[in-house]
2 protein chains.
Amino acid sequence: MPDVIINKNRFYNPVDYILRQIGGTWKAPVLWRLKAKTLRYSELEKDIPHISQKMLTKTLKELESDGIILKKTYASVPPRTEYSLTAKGKKIITLVATIRTTGLELMKDEGIDYEALIKEEKKNAVKK
Amino acid sequence: MPDVIINKNRFYNPVDYILRQIGGTWKAPVLWRLKAKTLRYSELEKDIPHISQKMLTKTLKELESDGIILKKTYASVPPRTEYSLTAKGKKIITLVATIRTTGLELMKDEGIDYEALIKEEKKNAVKK
DNA sequence: CAGTATCCAATATGATACTG
DNA sequence: CAGTATCATATTGGATACTG
C-alpha cells in the first residue's frame, strides 16, 4: 500500500486517512450529536460525558479544518456559535453509524445490551 | 451515552469500544494482511511499510489479547509463529473493509485515485 | 458564551542494541 | 526467526485559571 499526501499530510493507506479524521476518543461523540441537528458549543459540552473543555475545543477545530463540520459565529451579546455537519460530514456520519452498529454487535457477544442501558439512563433522567 | 465496563476496561460508547481495538496506525494494516491468509511474523514485517519491530510486536499482542487474532507457535528450529484471524477478527475485518471503502471515496473527492496508485506500485515491483 | 493559556501525566511511536 | 529492552520524542488528554 503506497503512501499518499493530501493537504501536506502523509497517509499510509485509506483506513489511516479516515482514522486520522475520526479516530481518537472525542471525534465520534461530537459528530454523533451533530448527526441531525446544529448545536452550540455549550450544548455539546453539556451533552458529552467526560469531555474536557480543552478536548472539545481541539476536536471542533480539527473537524472544522478537515471540512467535516461548519462553524457559524453570530456576533450577538453574548456571542453565539453553532456547529453543523458539512456534506463531507454527512458522508462520514454514515460510517460512524456503521462502526457504532458493529460495536453494538460485539458488545452483545460480550453479553452487554448497550441499547437497553441507554433506555435505562433515559428513564432515570426523567425520574429526576 | 452511558459508560460500559468490559474486561475491566471502561468504554464511553460503542464507537469507542471499536476504535480502542482497531484504532491507531497499525491495527488495520496488520488485520488487512491477515484478511484471507495466515502469515508469519517476518512476512508481516516485510509486507507492512514503515512499521517498526516494536510496533508490530505490540500490535500483535493487543490484537491477540482482544481475541481478534490467533497466534500459533511451532517449536521447530528456527521457531515459527503464525497469525490468523479469529471469528471475532473476521467480523472486524468486514468493518475495516467498510472504513477502507469510505476512505477510498473521500480520497477520490480530493482527486486521488488510490487504487490506481496500488496498480502502479505492483507494476514497478514486477519490473524490478 | 465560547473559548485561551499553562502545567502535567500517560500513551504512542521510533531508533537502536541485544537474545533464546 | 521472533522477539525483548532501553532511550528518546511527540501527541493525547486532564486540571486549573483566565478572557473578549
Side-chain angles (χ1 to χ4, degrees), chain A residues 3 8-13 15-17 19-31 33-34 38-66 69-84, chain B residues 3 8-13 15-17 19-31 33-34 38-66 69-84:
Chain A
D3 297 358
K8 315 242 178 189
N9 284 105
R10 176 185 306 273
F11 301 101
Y12 289 165
N13 55 65
V15 176
D16 184 33
Y17 175 67
L19 292 184
R20 296 254 288 271
Q21 295 182 72
I22 66 166
T25 310
W26 302 115
K27 298 284 179 71
V30 168
L31 293 177
R33 277 151 186 93
L34 296 176
T38 292
L39 287 176
R40 298 174 63 169
Y41 180 94
S42 58
E43 295 175 307
L44 288 166
E45 192 172 24
K46 261 186 301 180
D47 201 43
I48 300 174
H50 309 296
I51 198 167
S52 68
Q53 184 278 330
K54 172 179 164 181
M55 279 303 112
L56 177 56
T57 301
K58 192 189 175 216
T59 300
L60 290 169
K61 264 205 183 99
E62 288 175 5
L63 289 172
E64 191 197 1
S65 104
D66 283 335
I69 64 172
L70 181 72
K71 172 181 178 171
K72 271 197 183 175
T73 307
Y74 300 90
S76 52
V77 181
R80 181 157 54 100
T81 315
E82 288 182 355
Y83 295 93
S84 58
Chain B
D3 296 357
K8 315 243 179 185
N9 285 105
R10 176 184 307 270
F11 301 100
Y12 290 163
N13 56 64
V15 176
D16 184 32
Y17 175 67
L19 291 184
R20 296 253 288 272
Q21 295 182 71
I22 67 166
T25 311
W26 302 114
K27 298 283 180 71
V30 168
L31 292 177
R33 278 154 185 91
L34 295 177
T38 292
L39 288 176
R40 299 175 62 168
Y41 179 95
S42 57
E43 295 175 306
L44 288 166
E45 190 172 26
K46 261 187 301 179
D47 202 43
I48 301 174
H50 308 297
I51 199 168
S52 68
Q53 184 276 329
K54 172 179 166 180
M55 279 303 112
L56 178 55
T57 300
K58 192 189 175 214
T59 300
L60 290 169
K61 263 204 184 102
E62 288 175 7
L63 288 172
E64 192 197 359
S65 103
D66 283 335
I69 64 172
L70 180 73
K71 172 180 177 172
K72 271 196 181 173
T73 307
Y74 300 89
S76 51
V77 182
R80 180 157 54 102
T81 315
E82 287 182 355
Y83 295 93
S84 58

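The model shown is predicted, which means the values in this text are computed figures rather than measured ones. Letters A, B, ... are given to chains in the order of the sequence lines, protein chains preceding strands, and every chain is numbered from 1.
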Inset, instruction - Any chance you could measure Tyr83(B), atom OH, to Thr59(B), atom OG1, to the nearest 0.5 Å? - result: 11.0 Å
Inset, instruction - Kindly state which residues belonging to residues 54-65 of chain A come within less than 4.0 angstrom of DNA chain D, counting heavy atoms of the residue only, listed by number. - result: Lys54(A), Met55(A), Lys58(A)
Inset, instruction - Indicate yes or no for a side-chain donor-acceptor contact from Arg20(A) to the backbone of Arg10(A) under 3.5 Å, with no hydrogens or angles considered. - result: yes
Legend entry - Rounded distance (Å) that lies between atom P of dT11(D) and atom NZ of Lys27(A): 14 Å
Inset, instruction - Check the distance between dA10(D)'s P and Arg20(A)'s CZ and give it to me in whole angstrom. - result: 16 Å
Inset, instruction - State the dot-bracket string of DNA chain D. Criteria: Watson-Crick or G-U wobble, both atom distances under 3.5 angstrom; notation: ( ) intrastrand, [ ] crossing earlier pairs, | interstrand, . unpaired. - result: ||||||||||||||||||||
Inset, instruction - Mind running side chain to side chain contact (heavy atoms under 4.5 Å, CB included) on Leu31(B) and Ile69(B) for me, showing each step along the way? - result: CA-CA 8 Å; Leu31(B) 292 177; Ile69(B) 64 172; 3.9 Å; yes
Inset, instruction - Quick one: which residue pairs count as a salt bridge (Lys or Arg N to Asp or Glu O under 4.0 Å) with a foot in residues 53-65 of chain B, not counting sequence neighbours? - result: Lys27(B)-Glu62(B), Lys58(B)-Glu62(B)
Inset, instruction - For Thr73(B), check side-chain contact (heavy atoms from CB on, under 4.5 Å) against everything at least two apart and list the hits. - result: Lys71(B), Thr81(B)
Legend entry - Partners meeting ring pair (Phe, Tyr, Trp, His ring centres under 6.0 Å) with Tyr17(B) (sequence neighbours left out): Phe11(B)
Legend entry - All side-chain hydrogen bond (donor to acceptor under 3.5 Å, both in side chains) counterparts of Asn13(A), not counting sequence neighbours: none
Legend entry - Partner residues of Arg80(B) under the salt bridge (charged side-chain N to carboxylate O under 4.0 Å, His left out) criterion, sequence neighbours left out: Glu82(B)
Give the table of side-chain donor-acceptor pairs shorter than 3.5 Å for residues 46-53 of chain A, with sequence neighbours excluded, one pair per line with atom names and distance.
| residue | atom | partner | partner atom | Å |
| --- | --- | --- | --- | --- |
| Asp47(A) | OD2 | Arg33(A) | NE | 2.9 |
| His50(A) | NE2 | Asp3(B) | OD1 | 3.2 |
| His50(A) | NE2 | Asp3(B) | OD2 | 2.7 |
| Ser52(A) | OG | Met55(A) | N | 3.2 |
| Gln53(A) | NE2 | Tyr41(A) | OH | 3.0 |
| Gln53(A) | NE2 | Thr57(A) | OG1 | 3.0 |

Legend entry - Opening and closing nucleotides of DNA chain C in contact with chain B, under 4.0 Å to non-hydrogen atoms: dA12(C) to dG20(C)
Legend entry - Closest contact, heavy atoms only, Leu44(A) versus Val30(A): CD2-O, 4.3 Å
Inset, instruction - Could you check which residues of residues 72-83 of chain B get a heavy atom under 4.0 Å from DNA chain D? Sort them by number, please. - result: Pro78(B), Pro79(B), Arg80(B), Thr81(B), Tyr83(B)
Inset, instruction - May I ask you to say what Gln53(B) touches in the nucleic acid, namely base, sugar-phosphate or nothing, with a heavy-atom cut-off under 4.0 Å? - result: base
Legend entry - salt bridge (charged side-chain N to carboxylate O under 4.0 Å, His left out) partners of Glu45(A), counting only residues at least two apart: none
Inset, instruction - List in chain and number order the residues that pass side-chain contact (heavy atoms from CB on, under 4.5 Å) with Ser84(A), two or more places apart in sequence or in another chain; answer none if no residue qualifies. - result: Thr38(A), Leu70(A)
Inset, instruction - Any chance you could measure Ile22(A), atom CD1, to Leu19(B), atom CG, to the nearest 0.5 Å? - result: 6.5 Å
